[in-house]
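Here the structure is a predicted model, which is why all the values come from computation and not from measurement. Lettering follows sequence order; numbering is per chain, from 1.
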There are 2 protein chains.
Amino acid sequence: MKPKLTLKKIAKELDVSISTVSKALRDSPEIGEETREKIKAFAKHYNYKPNNIALSLKNRKTKTIGIIIPEIVHHFFTTVISGVEKVANEMGYNVLVCLSDNSFDKEVLNMEMLANGSTDGFILSLAKETMQKGDYHHLIEAINQGMPLVLFDRVVEDISCDKVIIDDVTGGKKAVQYLVDIGCKKIALISTVDYVSVGKLRTKGYKDALEENGISVNEDLILKIEEMEDSEAEIEQFLKEKDIDGVFAVNEHFAISAIKTIQEQGKKVPDDVSVIGFTDGELSKRFIPSLTTVSQHGMRIGEESARLLIEKLERTPSEEEYYKTIIVETGLVTRNSTKLKK
Amino acid sequence: MKPKLTLKKIAKELDVSISTVSKALRDSPEIGEETREKIKAFAKHYNYKPNNIALSLKNRKTKTIGIIIPEIVHHFFTTVISGVEKVANEMGYNVLVCLSDNSFDKEVLNMEMLANGSTDGFILSLAKETMQKGDYHHLIEAINQGMPLVLFDRVVEDISCDKVIIDDVTGGKKAVQYLVDIGCKKIALISTVDYVSVGKLRTKGYKDALEENGISVNEDLILKIEEMEDSEAEIEQFLKEKDIDGVFAVNEHFAISAIKTIQEQGKKVPDDVSVIGFTDGELSKRFIPSLTTVSQHGMRIGEESARLLIEKLERTPSEEEYYKTIIVETGLVTRNSTKLKK
DNA sequence: TTGTACGCGTTATCAT
DNA sequence: ATGATAACGCGTACAA
């Protein structure tokens with residue numbers, strides 16, 4: 001096991017000073033042709049690479065960005081990471097991934113852990129618990145310390161920072177409008193509790209679309225789910241004996257549970273009931289019937305977030321402070337869980 | 001924006017020396033009660049946290065572990081990350097996630113990027129291209145530089161390092177034995193090309209199980225898929241007019257494509273053909289019919305990998321070198337894609 | 001009880 | 001053309 005090569009060792013080996021080596025390797029014209037070539041040849045041969053940690057300390061920059069997500073076992077977040085990673089790598093950054101497990105405490109802990117020099121900035125989607133509590137002191141603290149922050153997907157208005165979101169209201173509207181267009185009259189909504197921003201917004205889209213089409217909103221047809229765990233049972237309970245011809249579910253799991261329940265009741269999807277989900281999951285594509293969904297474009301969200309963050313990081317500090325919110329458009333992907341009513 | 005607090009600033013503020021502050025904060029008995037309390041109070045009030053980068057440089061340890069995976073949009077890898085992250089955090093480590101996109105070049109690049117001080121060690125599942133090429137110089141180099149390496153899932157024998165794998169042969173055997181037990185006689189295998197270690201091993205399991213049951217292996221019933229992209233079409237082609245009553249697929253995507261094809265041919269799963277997959281994907285659980293699978297326990301693989309790596313990292317260097325291979329048992333999860341033949 | 005000096009690996013600035 | 005020195009933030013052996 002050979003320990004890592006350092007400037008010092010090269011200097012000693014070649015019997016020159018450390019700074020000569022440093023300069024030679026950075027092609028400084030201060031160094032004579034001959035020595036420069038000699039040093040570069042040596043470094044190349046023994047595969048010298050400068051130590052990132054030392055550079056970080058010196059430059060006060062880590063070239064690392066931290067991303068904290070509520071849970072990784074979610075296709076959407078996973079595509080976001082993929083997008084972040086792609087852009088980050090192109091720009092010479094590493095990506096530190098942390099999971100909050102939807103816990104406020106873990107989110108705070110993770111941020112503190114990374115804020116002490118491990119990372120130059122954050123990309124973050126809030127834990128459910130954090131949104132519920134409404135306690136964002138850790139975000140504010142990071143910003144105050146001069147660490148740029150980009151929120152995505154589960155964002156919160158009170159915090160001044162860059163944001164990348166999809167237009168959940170419009171997305172929800174698109175979905176419901178589509179259901180209306182294909183002839184659905186009695187459309188149920190399966191959403192999450194309101195403190196999860198996306199649930200609230202998509203619910204608004206649902207209501208807006210109905211109203212625009214002159215259909216009155218029936219609260220009886222709206223289900224708000226608190227825990228993923230019990231969702232299947234709740235949905236079954238909810239749909240029992242409901243007279244509906246369309247379902248808009250705010251994620252793919254709810255959509256699939258709905259389809260299962262509907263089928264168990266002897267009704268057919270999409271012939272009797274059309275179902276629409278909200279996601280980009282693999283599940284939607286592969287499920288039978290494959291799901292019509294509002295697509296979230298997680299990859300693009302990740303890319304935009306990374307770009308936004310790196311832009312902030314590399315901006316000269318003199319420039320004026322300003323924040324952007326980027327809205328990534330949703331698309332409607334029609335598959336086999338919806339069908340035109342005759 | 002207040003810049004980060006450092007020892008130096010505290011020292012200046014309180015008019016003591018830097019080392020006094022350092023010692024006081026670390027509860028050194030060298031420092032007088034009074035000064036110590038004063039310093040600690042100050043530090044606490046202004047929320048002092050030591051700078052990780054400086055510590056890393058000093059200790060030559062980053063307390064960060066790098067994990068490189070072929071692709072993140074794969075439920076299995078995602079659960080592995082989850083497991084790694086869990087154990088790492090418990091032990092005070094951060095996790096740097098990089099993606100190789102199954103590309104050899106990107107894998108090498110990622111390793112070089114992280115090897116220059118960003119990380120204390122690696123957890124890695126090889127890119128498909130790397131296994132195909134058989135070029136492992138980057139792994140060897142990392143090991144030579146004293147960076148511990150843990151390979152998981154897609155491992156390779158030639159490299160001396162810790163490994164965490166599932167018993168693919170036994171897993172494959174279990175699957176096929178189960179098919180035999182429920183009365184299947186003509187069992188097809190849908191696998192990957194042989195240079196992907198898991199494909200090869202699961203194929204061996206398939207053959208072993210057949211032979212142990214006195215069923216001769218028919219190469220006509222074996223399909224080896226090169227590209228995920230074309231898998232669906234290939235599977236359709238392959239299964240066309242094959243007379244089979246069971247399918248063992250080495251991942252869930254293949255299994256699902258098989259089910260679709262079989263259904264399109266007017267046959268029923270599981271009544272006419274039983275299908276078994278290999279994974280822990282969400283898809284398997286939610287698909288209709290839900291899939292009987294050999295479960296891989298990605299979470300546990302991640303946990304074991306992290307434990308193994310951290311153990312190496314914290315071992316005193318005097319201790320003797322030795323490597324472990326941990327085999328995580330597979331389990332068989334019976335769901336609705338298999339059925340006893342009458 | 002407190003402070004000084006040094007080193008981790010690097011670069012920038014200032015001497016020689 | 002080359003080298004010495006300081007600095008980034010921290011901890012620690014040693015000196016006062």
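- Applying the ring pair (Phe, Tyr, Trp, His ring centres under 6.0 Å) rule to B/His138 yields the partners B/Phe104; only residues at least two apart in sequence or on another chain are considered.
- Contacts of A/Ser56 with the nucleic acid, taken as non-hydrogen atoms under 4.0 Å apart, are absent.
- Residues passing the side chain to side chain contact (heavy atoms under 4.5 Å, CB included) test with B/Asn89 are A/Lys106, A/Asn110, A/Met113, B/Glu85, sequence neighbours excluded.
- For DNA chain D, the contact window with chain B, defined by any atom under 4.0 Å from a protein heavy atom, covers D/dC8 to D/dC14 in 5' to 3' order.
- Under the side chain to side chain contact (heavy atoms under 4.5 Å, CB included) criterion, A/Leu25 pairs with A/Leu7, A/Val21, A/Ile39, A/Lys40, A/Ala43, A/Tyr48, not counting sequence neighbours.
- For A/Asp105, the side chain to side chain contact (heavy atoms under 4.5 Å, CB included) partners at least two apart in sequence or on another chain are A/Ser103.
- Applying the salt bridge (charged side-chain N to carboxylate O under 4.0 Å, His left out) test to B/Glu304 and every residue at least two apart in sequence or in another chain returns nothing.
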Going 5' to 3' through nucleotides 8-13 of chain C and flagging B where a protein heavy-atom sits under 4.0 Å of the base, S where only the sugar-phosphate is that close, and - otherwise, we get BBBBBB
Which atom pairs, donor and acceptor, lie under 3.5 Å between side-chain atoms of residues 140-160 of chain B and protein residues at least two apart or in another chain?
residue	atom	partner	partner atom	Å
B/Glu141	OE2	A/Asn47	ND2	3.0
B/Arg154	NH1	B/Asn102	OD1	3.1
B/Arg154	NH1	B/Leu126	O	3.1

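- Rotation axes derived from the C1' atoms of the five outermost pairs at either end of the helix from C/dT1-D/dA16 to C/dT16-D/dA1 lie 70° apart, to the nearest 10°.
- For residues 119-128 of chain A, no residue pair satisfies the salt bridge (Lys or Arg N to Asp or Glu O under 4.0 Å) rule, not counting sequence neighbours.
- If you take NZ of B/Lys38 and P of C/dT1, they are 15 Å apart, rounded to a whole angstrom.
- Side-chain atoms of A/Ser305 do not come within 3.5 Å of backbone N or O of A/Ile123 as any donor-acceptor pair.
- A/Lys58 meets the side chain to side chain contact (heavy atoms under 4.5 Å, CB included) test with no other residue; sequence neighbours excluded.
- Atom-to-atom, CD of B/Glu37 to P of C/dT2 comes out at 12 Å; the value is rounded to the nearest Å.
- Residues that satisfy the salt bridge (charged side-chain N to carboxylate O under 4.0 Å, His left out) test with A/Glu34, not counting sequence neighbours, are absent from this structure.
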